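Here the structure comes first, spelled out in structure tokens, and everything after it is commentary.
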Amino acid sequence: MSLNSRDIIRYIEKFTFKDQNISLFDDNSSTKVEYIEINKMKIPRFINEFWTSRQRQASPLHEVSYRACFKPQLPRFFINLLTEEKDTVYDPFSGRGTTVIEAGILGRNIISNDINPLSRILTMPRFFVPDIDAVIERLDKIPYDKSARADIDLSMFYHIDTETEIVSLKNYLKQRSCEGKEDSLDAWIRMVATNRLTGHSPGFFSVYTLPPNQAVTPDRQLIINAKRNQKPEYRDTKKLIIKKSKSLIKNLEKAEIKNLHNAGKTGLFLTKDARNTSEIPDESVSLTVTSPPFLDVVQYDKDNWLRCWFNDIDAEEIANNITMSRTIEEWSSVMQDVYKELYRITKKGGWVAFEVGEVKGGKIKLDEYVVPLGINAGFSCAGILVNRQEFTKTSNIWGVKNNKSGTNTNRIVLFTKDF
């Protein structure tokens, strides 16, 4: 990029939506700037409505449920501002793949990493958008064994005939994988089925339960069933996979499908500790946009136990590998090593947008801990962006009252690797 850090800061300071000015500020013109002191350094905090769901409708391809994921408009803002086509965009904590999917749509090269193997299962197939007729044909060829039963009790979630179909599909995908025959169509079907396992509408395989980004325990589901006086009804898994597939790819333009395919062919999809990604060459990444795990506020193994079962993944092993530090000191120590690795792989003039928030009921503001970590690794801190829409939820600094839920304030710490 020809723009330097001063150009970027000036742009952020003067930012307002083009064409449709929908800022909530009274003057509707520019960013509010305040300064905070961190380790005797004055760091600017830029407050505005930088991205919003009203700014541009996100692609339906993002609609894969996962805990603790940000809106696609967030990475899009930084990708458009800080990169050009064919630049490499990276996410070390990729989750459902929001950053890299958005980067692929926009014609960037991508690197995705997450120590949880479910991330790759949910992310990589969406770079190879299939023809719906091909999905239908493949589903019709999958053999269903009417005697197939799960090796655990799932009767509180599924009708017996639905369970038969799920287990048959699970066995088919396992066999294809073991034989080295799993192709992009199989991977797509696996991704969609994984996303449809449980949810709170008839569009999922299960009886009514919690939203699909987390699976309750069998005992908890029994309580839900009793309270709602419900029992699992039959769901046609093939029809639901086809329906969700159509929903994911609707409105995708041919150019976007081509961009995704090209990004997928050249992309790296890693399942590594973010502190040790030796597969990524030195100074090869133009932009990192990510959101790390925040202390122990999300229990990934408990949320994903059913998805792990379907994909023959050891949920406890994943939980042991994922960094879920219980103290801010432990978390900071881990993130310091992540920043050292990010500094190694970031190009000169490259950027890191690190999304953090308030945890422990607002007692810990992670951005104030993150700034020194990036600087210690060698980066320069350009400032902290606070999205206006998010900021107003927990602050009355602009005359907006706190809401009842006390939603966390999300902030993005922006670093650059100077030339």
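Treat the numbers as computed from the prediction; the structure is a model and nothing was measured. Counting begins at 1 with the first residue of the sequence.
- How far CE of M156 is from OG1 of T217: 9.0 Å, rounded to the nearest 0.5 Å.
- No side-chain donor from either of D91 and S112 sits under 3.5 Å from a side-chain acceptor of the other.
- In terms of modelled atom types and a separation under 3.5 Å, the side chain of W331 and the main chain of L366 share no donor-acceptor contact.
- With rounding to the nearest 0.5 angstrom, the CD atom of E283 is 13.5 Å from the CD1 atom of I280.
- S59 places no side-chain N or O within 3.5 Å of a backbone atom of H62 that could act as its donor or acceptor partner.
- With sequence neighbours excluded, no residue forms a salt bridge (charged side-chain N to carboxylate O under 4.0 Å, His left out) with E368.
- Ring orientation note: the planes of F354 and F93 are nearly perpendicular, at an angle over 60° on the 30°/60° scale.
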What do the steps show when you test R228 against I224 for side-chain contact (heavy atoms from CB on, under 4.5 Å), and what is the final call?
CA-CA 6 Å; R228 293 178 58 87; I224 293 174; 3.8 Å; yes
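- At distances below 3.5 Å, at least one donor-acceptor pair connects side-chain atoms of R196 with backbone N or O atoms of G203.
- Geometric assessment of K32 against the ring of F46 yields a negative cation-pi assignment under the 6.0 Å and 45° thresholds.
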Would L118 and I313 count as a side-chain contact (heavy atoms from CB on, under 4.5 Å) if you check the C-alpha gap in whole Å, the side-chain angles of each, and the deciding distance to 0.1 Å?
CA-CA 8 Å; L118 280 173; I313 296 171; 4.0 Å; yes
Start with the C-alpha gap between Y158 and F205, add the side-chain angles, then the distance that decides, and say whether ring pair (Phe, Tyr, Trp, His ring centres under 6.0 Å) holds.
CA-CA 7 Å; Y158 305 115; F205 299 163; 7.2 Å; no
Starting from the C-alpha separation in whole Å, work towards a yes-or-no answer on ring pair (Phe, Tyr, Trp, His ring centres under 6.0 Å) for F415 and Y339.
CA-CA 10 Å; F415 296 100; Y339 267 102; 5.3 Å; yes
Salt bridge (Lys or Arg N to Asp or Glu O under 4.0 Å) between K181 and D186, worked out
CA-CA 9 Å; K181 296 180 179 179; D186 291 327; over 6 Å; no
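- When the ring pair (Phe, Tyr, Trp, His ring centres under 6.0 Å) test is applied to F128, the partners found at least two apart in sequence or on another chain are H261.
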Does the side-chain contact (heavy atoms from CB on, under 4.5 Å) test come out yes or no for T198 and F157, once each step is laid out?
CA-CA 8 Å; T198 60; F157 293 102; 4.1 Å; yes
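- Between Y234 and H159, the angle of the ring planes goes over 60°, which puts this pair in the perpendicular group of the 30/60° scheme.
- Under a 4.0 Å N-O distance rule, the pair R108/D87 does not qualify as a salt bridge.
- Screening residues 241-254 for salt bridge (charged side-chain N to carboxylate O under 4.0 Å, His left out) gives no qualifying pairs among residues at least two apart or on separate chains.
- Here the shortest heavy-atom pairing between W188 and S245 reads NE1-OG, 2.9 Å.
- The shortest distance between side-chain heavy atoms of Y369 and I328 falls below 4.5 Å.
- With salt bridges taken as basic N to acidic carboxylate O contacts below 4.0 Å, none links R235 and D161.
- In terms of heavy atoms, P218 sits closest to W305 at CD-CZ2, 3.8 Å.
- To the nearest 0.5 Å, the span separating CD1 on I142 from CZ on R176 amounts to 9.0 Å.
- Applying side-chain contact (heavy atoms from CB on, under 4.5 Å) to R96 and the options T99, T98, V100 leaves one that passes, T98.
- When atom types are taken as modelled, the side chain of R126 and the backbone of L122 share a donor-acceptor pair closer than 3.5 angstrom.
- Within the 4.5 Å cutoff, the side chain of N259 has no heavy atoms near those of the L106 side chain.
- Judged purely by distance below 3.5 Å, without hydrogens or angles, the side chains of N225 and Q221 pair a donor atom with an acceptor atom.
- In this structure the side chain of E355 never reaches within 4.5 angstrom of the side chain of T290, judged on heavy atoms.
- Residues N387 and R411 are not in side-chain contact: their nearest non-hydrogen atoms beyond the backbone lie 4.5 Å or more apart.
- Looking at heavy atoms from C-beta onward, I110 lies out of side-chain contact with Y90 at the 4.5 angstrom threshold.
- Counting all heavy atoms, side chain and backbone alike, Y144 lies closest to T237 at OH-OG1, 3.4 Å.
- Closest approach of R190 and S177 over heavy atoms only: NH2-CB, 4.2 Å.
- Within the 3.5 Å criterion, the main-chain N or O of M191 finds no donor-acceptor partner in the side chain of N195.
- Remark: side-chain polar atoms of S119 are not paired, donor with acceptor, to backbone N or O of I115 under 3.5 angstrom.
- The heavy-atom pair separating T346 from W351 by the smallest distance is CG2-N, 4.0 Å.
- With rounding to the nearest 0.5 Å, the separation of SG in C308 from CD in E317 is 10.0 Å.
- Looking only at distances, no side-chain donor or acceptor of E102 sits under 3.5 Å from a matching main-chain atom of Q73.
- With respect to the salt-bridge test (charged N to carboxylate O, under 4.0 angstrom), the residues D114 and K272 do not qualify.
- Salt bridge R275/D273: present, at least one basic N to carboxylate O contact under 4.0 Å.
- Under the 6.0 Å distance and 45° angle rule, K71 does not count as a cation-pi partner of F77.
- Proximity of V135 to D131: side-chain heavy atoms (C-beta onward) are nowhere separated by under 4.5 Å.
- Side chain of N109 to main chain of A263: no donor-acceptor pair is present (N/O by atom type, distance under 3.5 Å, no hydrogens or angles).
- Using a 4.5 Å heavy-atom cutoff, the side chains of T194 and N311 are in contact.
- Side-chain atoms of Q230 do not come within 3.5 Å of backbone N or O of V207 as any donor-acceptor pair.
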Please step through ring pair (Phe, Tyr, Trp, His ring centres under 6.0 Å) for the pair F78 and W51, ending with a clear verdict.
CA-CA 10 Å; F78 293 103; W51 52 85; 5.6 Å; yes
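- Here the CG-OG1 distance, from N113 to T288, works out to 10.5 Å after rounding to the nearest 0.5 Å.
- Judged purely by atom type and a 3.5 angstrom limit, D303 has no side-chain atom pairing as donor or acceptor with the backbone of A215.
- Using a 4.5 Å cut-off on side-chain heavy atoms (C-beta onward), K340 and D337 make contact.
- Using a cutoff of 4.0 Å between basic side-chain nitrogens and carboxylate oxygens, K170 and D312 are scored as salt-bridged.
- Under the side-chain contact (heavy atoms from CB on, under 4.5 Å) rule, I242 has a single partner from I136, V192, I189, D236, which is I136.
- The two residues I105 and E256 come nearest to each other via the heavy atoms CG2-OE2, 3.7 Å.
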Trace of the side-chain hydrogen bond (donor to acceptor under 3.5 Å, both in side chains) decision for D282 with Y343
CA-CA 9 Å; D282 293 354; Y343 189 81; over 6 Å; no
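- The CD atom of E85 sits 12.0 Å away from atom CD1 of I79, with the distance rounded to the nearest 0.5 Å.
- For the 3.5 Å distance criterion, the side chains of S147 and D145 qualify, holding a donor opposite an acceptor.
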